[in-house]
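Comments concern the structure below.
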Amino acid sequence: MNADYGAPTELAGPLQQRRALYQPRLPPCLQGATVRVEYGDATATIDPTGAHAVAQAFPRTYGQRLVTFLAPDGTAGAGKAVDERPPIRVGVVFSGRQSPGGHNVVWGLHDALKAYNPQSILYGFIGGTEGLFANKTLEITDDVLASYKNQGGFDLLGRSIDQIRSSKQVSAAMTTCQDLNLDGLVIVGGVTSNSDAAQLAETLVQKNCKTKVVGVPVSLNGDLKNQFVETTVGFDTVCKVNSQLISNVCLDAISAGKYYYFVRLMGRKASHVALECALQSHPNMLIMGEEVALSKLTLMEVINKICDGVQARAELGKHHGVLLIPEGLIESIPEMYALIQEISNLHNNNVPVTEIPTQLSPWAAALFQFLPPFIRRELLLHQESDNSAQLSQIDTEQLLAHLVEAEMIKRTKEGRYKGKKFSSVCHFFGYQARGSLPSNFDCDYAYVLGHISLHMIAAGLTGYMATVANLKDPVHKWRCAAAPLTAMMSVRRHLRGPGAIPIGKPAIHPSPIDLKGKAYELLREKASSFLLDDFYRTPGGIQFEGPGSDAKPITLTIEDQDYMGDIEMLKLYLDKVRARNPVAFCCLSRVSNYAKTTNEFTYR
Ligand SMILES: O=P(O)(O)OC[C@H]1O[C@](O)(CO)[C@@H](O)[C@@H]1O
């Protein structure tokens with residue numbers, strides 16, 4: 001953590017300093033010190049069959065009404081005079097993992113709080129949830145914020161475990177809220193942190209604690225997505241950074257023509273980051289967890305699918321390529337999921353790690369033994385706070401590369417494959433993107449959410465999440481709202497339909513890729529072209545000024561964009577070139593990629 005608070009010094013790089021000067025944009029309704037609060041319909045949950053369980057678990061906070069924030073009647077900025085607005089005391093905690101833009105939530109909250117009443121106070125909890133439990137605070141001031149505006153990471157306050165769940169943790173959090181006499185507590189994080197925020201809100205209401213609990217959707221995973229939340233802060237930046245890296249390795253692969261890149265991307269259970277990066281960079285293959293789970297593909301079926309792709313490319317004389325996988329793929333393969341579940345149950349029963357392999361069922365033990373030693377070791381690591389495997393630590397890309405190589409050797413021996421020897425280079429593009437300078441979109445979105453959080457607390461809302469709709473449009477068209485956390489909850493079940501058995505408590509669960517959605521449909525349409533044509537796209541680094549600086553995630557904006565229309569145009573052109581001169585094709589596809597990137601379509 002940086003203790004050297006203050007304006008960026010001469011030690012800061014020029015871009016870092018320039019970014020600190022960027023002023024995030026606000027929609028008209030947030031441009032004054034107060035807002036008009038409009039209450040809408042009462043809510044149930046997004047999971048109708050789980051509504052009863054949610055209502056039982058959250059008796060005081062279930063069913064609350066939707067809320068919209070509008071500019072005060074008359075001109076924006078009108079409303080109560082400052083002396084009619086009592087100062088507000090708020091605490092903010094980074095509960096989830098670092099995600100670019102998180103600092104701007106704190107900045108937006110601070111600015112809104114001071115505009116509301118300059119005597120208001122904002123405390124940041126140092127060291128994440130551990131700091132909240134131990135009441136370790138830093139008062140957030142203009143000076144403190146100066147070095148962190150529009151900067152990546154979470155180092156202003158730091159983070160620890162994403163958990164406010166056990167009764168000890170909940171009661172420590174409540175004691176801190178009471179000791180600091182907080183009117184509001186803002187919890188920044190993804191699905192897990194916001195589920196915990198809902199529980200804390202409910203408990204505080206039941207215990208007559210006045211502190212209002214508000215959640216803010218910040219997570220690089222992009223999986224906190226539902227009818228109220230369009231995307232999370234950090235997803236855009238992380239996808240842009242990774243897409244640039246992927247396009248770099250695509251060009252490296254095609255230049256050397258002798259190896260395959262196997263790239264694993266963060267995003268936990270859902271494949272949102274992988275899908276967005278594929279649409280931005282056009283790698284040859286993407287194996288999505290949701291597809292594998294739906295088709296119940298076994299590990300060897302996944303391997304065969306990849307090998308078939310390698311073989312099809314070899315028939316065109318191509319011995320290079322780029323394959324993307326999400327970190328959650330391993331859990332989507334049915335037999336691997338069952339093995340991970342067995343290991344998890346043994347962990348929960350406090351079986352020592354060294355004894356877990358001996359206590360697996362016979363089939364799980366056989367699968368475990370079949371896996372390379374490094375994967376066995378990684379599968380046994382301690383679990384995450386939500387009891388899932390530590391997906392960031394499991395080198396699934398290396399497992400796949402290892403098994404693909406073995407299968408290609410087998411196919412060669414059997415005379416089914418006649419191409420060059422298969423070879424691979426593996427990467428995990430994960431942690432390196434989390435500290436990136438946030439894109440303009442993430443800077444604006446986070447700053448706006450910070451403002452909304454203050455207005456939620458001022459309106460006395462608790463157990464709500466700050467939300468923004470119309471994100472695909474320019475900021476002045478964004479709609480600011482608050483949605484009850486319980487409305488986003490569902491209950492997991494063993495089976496579907498009438499006899500379904502609920503498992504676990506109601507929670508906000510990660511949303512998977514919509515396999516009926518437009519983004520997925522477009523990817524499927526182009527899958528064979530991506531596989532064979534090396535139609536790599538170079539998005540380049542994040543642009544902060546000039547053309548491209550307002551670019552948003554493709555998966556968010558796809559409804560409006562004629563993105564695939566552009567691809568069609570390019571594809572027709574490339575098909576013509578290939579028919580005339582197959583050898584020139586590879587190079588020309590690269591030139592055309594440049595044209596696509598710069599939007600200069602000058603085909604002759
Ligand atoms: O920082 P940690 O605790 O290693 O967490 C890693 C996990 O956090 C995330 O970056 C965000 O949820 C995941 O993609 C990843 O599995």
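Read the numbers this way: they start at 1 and go in the same order the structure lists the ligands and their atoms.
Contact residues for ligand 1 (protein heavy atom closer than 4.0 angstrom to any ligand atom): Arg97, Arg159, Leu220, Asn221, Met266, Gly267, Arg268, Glu327, Ser392, Tyr431, Arg434.
Looking at Glu290 and Ser271, their side chains do bring a donor and an acceptor atom within 3.5 Å of each other. With hydrogens and angles left out, the side-chain atoms of Ser243 and Gln280 include a donor and acceptor closer than 3.5 Å.
Within the 6.0 Å centre-distance limit, the rings of Tyr261 and His427 are counted as a close aromatic pair.
Shown here are the side chain to side chain donor-acceptor pair (under 3.5 Å) partners of Asp162, two or more places apart in sequence or in another chain: Ser385.
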Subject >> Stepwise salt bridge (Lys or Arg N to Asp or Glu O under 4.0 Å) test for Asp236 and Lys552 >> reply: CA-CA 7 Å; Asp236 180 49; Lys552 293 173 184 172; over 6 Å; no

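Both the sub-6.0 Å distance and the 45° axial angle are not jointly satisfied by Arg159 relative to the ring of Phe94.
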